[in-house]
Structure formats: structure tokens, C-alpha cells
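The sequence lines fix the lettering, A, B, ..., with proteins before strands; numbering per chain opens at 1. As a basis for the values below, the full set of heavy atoms in this structure was taken, side chains included, without hydrogen atoms, waters or symmetry mates.
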Amino acid sequence: MTAAPAPEVFAALADPTRWRVLTLLAERGDGTATTLAGELPVSRPAVIKHLAVLDRAGLVESRRRGREVRFTVRPERLDAAARDLADLAAAWDARLAAIKRMAEEG
Amino acid sequence: MTPDRIERETLIAAPVERVWELVTAPEHVGTWFGDAGAEIDLRPGGAMALRWEEHGTVRARVERVEAPRVFAYRWASRMEAEPEEGASTLVEFFLEPDARGTLLRVVESGFAALDVPADEQERKAKGNGDGWDHELRDLAEYARSEVAARP
């Protein structure tokens with residue numbers, strides 16, 4: 001039995017634009033809605049929406065510096081998601097191995 | 001390109017009919033999936049129950065039965081719950097006859113659609129999700145190194 005991974009994390013990651021936002025933040029170290037909108041084919045309000053979803057899923061954190069809000073990636077949530085997926089894959093590997101054993105013995 | 005699916009496969013030195021039986025017959029499924037038996041009404045829409053001594057029962061609903069090549073069901077993401085939209089993932093088995101026996105492939109998908117508001121479900125689950133755990137770990141690693149490298 002393996003529990004399903006944190007749904008809000010996978011829902012947040014499932015959008016290609018959000019994935020780009022997260023990748024850019026990881027590459028640059030941090031970013032603001034303005035700098036991110038400058039590098040993506042979407043508007044600043046759209047970037048703000050995507051950042052809010054990533055924030056709710058615990059994938060980014062924000063810090064206010066003067067007039068701007070800077071976002072950084074929270075790697076521990078990505079690690080947890082990676083572990084969840086690896087656990088699910090391992091569970092299927094074990095089940096497939098059991099089927100293989102039964103099929104080849106009998 | 002979303003981390004919404006897991007795909008695994010194995011090559012089995014046995015005919016496809018034998019593998020089909022192991023994947024679909026309750027007396028077999030109850031041993032390799034769960035440890036306390038299973039019930040399977042083997043037709044689209046049919047009810048399934050997968051039982052564990054320790055954990056209880058997981059309910060599922062049969063989606064596809066195309067003997068001996070495709071078997072799919074939707075299983076509930078919580079014990080004792082019904083396998084409804086937003087609370088279940090899809091499991092698909094594909095059996096391919098091979099000169100050496102049978103290639104058995106399993107795909108589990110739909111993690112992104114679990115229990116989240118409809119506006120969050122705009123996922124485009126194209127492409128192969130296998131290896132996503134590495135992808136996520138790489139990104140986490142990258143984010144760490146960038147943060148560490150900053151002055």
C-alpha cells in the first residue's frame with residue numbers, strides 16, 4: 001500500500017507555464033513577477049496567479065524587499081514530491097516482479 | 001510534460017494468456033496486489049475491491065477490458081472510499097506478445113487531478129512522466145546550488 005502523493009503539489013506542477021516559472025526561479029536563484037513576465041510569453045498578472053498557486057502548494061516562498069516581492073524555490077517540497085513518485089514506482093516494480101515470478105513458475 | 005504519471009514495465013517469459021489471467025483473476029490479484037483477496041467484476045463499469053489485512057479495502061471501478069491486451073481500472077486514492085473523479089487514479093495494464101514471452105507495461109496516471117479545485121485541473125498530461133522523480137530532484141538540487149551561490 002502506498003499513499004498517493006500530495007495532490008496540490010502535482011496539480012501545481014502539472015501546468016507547463018508554472019513549470020517554466022519554477023525552472024526560471026531555480027536557474028536564476030530568485031525572481032519577481034516583473035522579471036519572470038519579461039522572460040515568459042505571459043502577462044505579469046498571469047505570472048502573479050501562477051506564483052500564488054506555487055506558493056499555496058509550498059513550492060516557492062516570497063520575501064518583500066523594499067517595493068518588490070522576490071520569490072525563491074523551496075527545494076524540500078520538490079524532494080518530497082520526487083520521493084512520493086519514486087515510492088509509487090517502486091511499489092509497481094514490486095507488483096510486476098510478483099506477477100513475473102508467478103507467471104514464470106506456473 | 002507533467003509529473004502526472006508513472007510508467008513501468010517488465011518482460012515475462014510466459015504467454016500473454018497466462019499473464020492476462022494473473023493480472024485480472026481475483027484469486028491471483030488478491031496475492032500480488034493486496035494480501036487479503038480481491039473481487040473483480042471483469043467488465044467495463046464493474047466493481048472491484050482490493051483487500052489488505054492491515055489497511056482495509058480499496059475500491060476500484062473497471063474501465064477497460066480488452067482480453068488479453070488491455071485492462072484498466074480507476075482506484076480510490078483513500079481506503080474505503082468510492083473511486084470517484086478527483087479521488088482516484090487510473091491504472092492501465094498493456095500486454096504485448098513478444099518473441100520471448102510477454103511485455104507487461106503498467107501506467108498509473110491522474111495524480112494532478114486529485115482533490116483540487118477545477119481551475120487547478122487544467123493539466124495537459126502529454127508525454128512520458130517516467131523519470132519525473134529525477135526531474136524534480138534535479139530542479140530541487142539546482143535551486144539549492146543557486147541559493148548557495150548567491151552573494
Worksheet item: Quick one: do the B:Glu108 and B:Trp75 side chains pair a donor with an acceptor below 3.5 Å?
Response: yes
Worksheet item: Is it the side chain or the backbone of B:Thr31 that comes within 4.5 Å of chain A heavy atoms, both, or neither?
Response: side chain
Worksheet item: Do A:Thr34 and A:Arg44 have side-chain N/O donor and acceptor atoms under 3.5 Å apart?
Response: yes
Worksheet entry | Under 4.5 Å from any heavy atom of chain A - which part of B:Glu54 | neither
Discussion item. Under a 3.5 Å cutoff, is there a donor and acceptor pairing between the side chains of A:Arg70 and A:Thr32?
Written reply: no
Response to the item:
Applying a strict 4.5 Å limit to non-hydrogen atoms, the region of B:Val29 in contact with chain A is neither
Worksheet item: Measuring heavy-atom distances to chain A, does B:Leu50 have an atom under 4.5 Å in its side chain, in its backbone, in both, or in neither?
Response: neither
Fill in: Any A:Leu51 side-chain heavy atom under 4.5 Å of A:Val21 side chain
yes
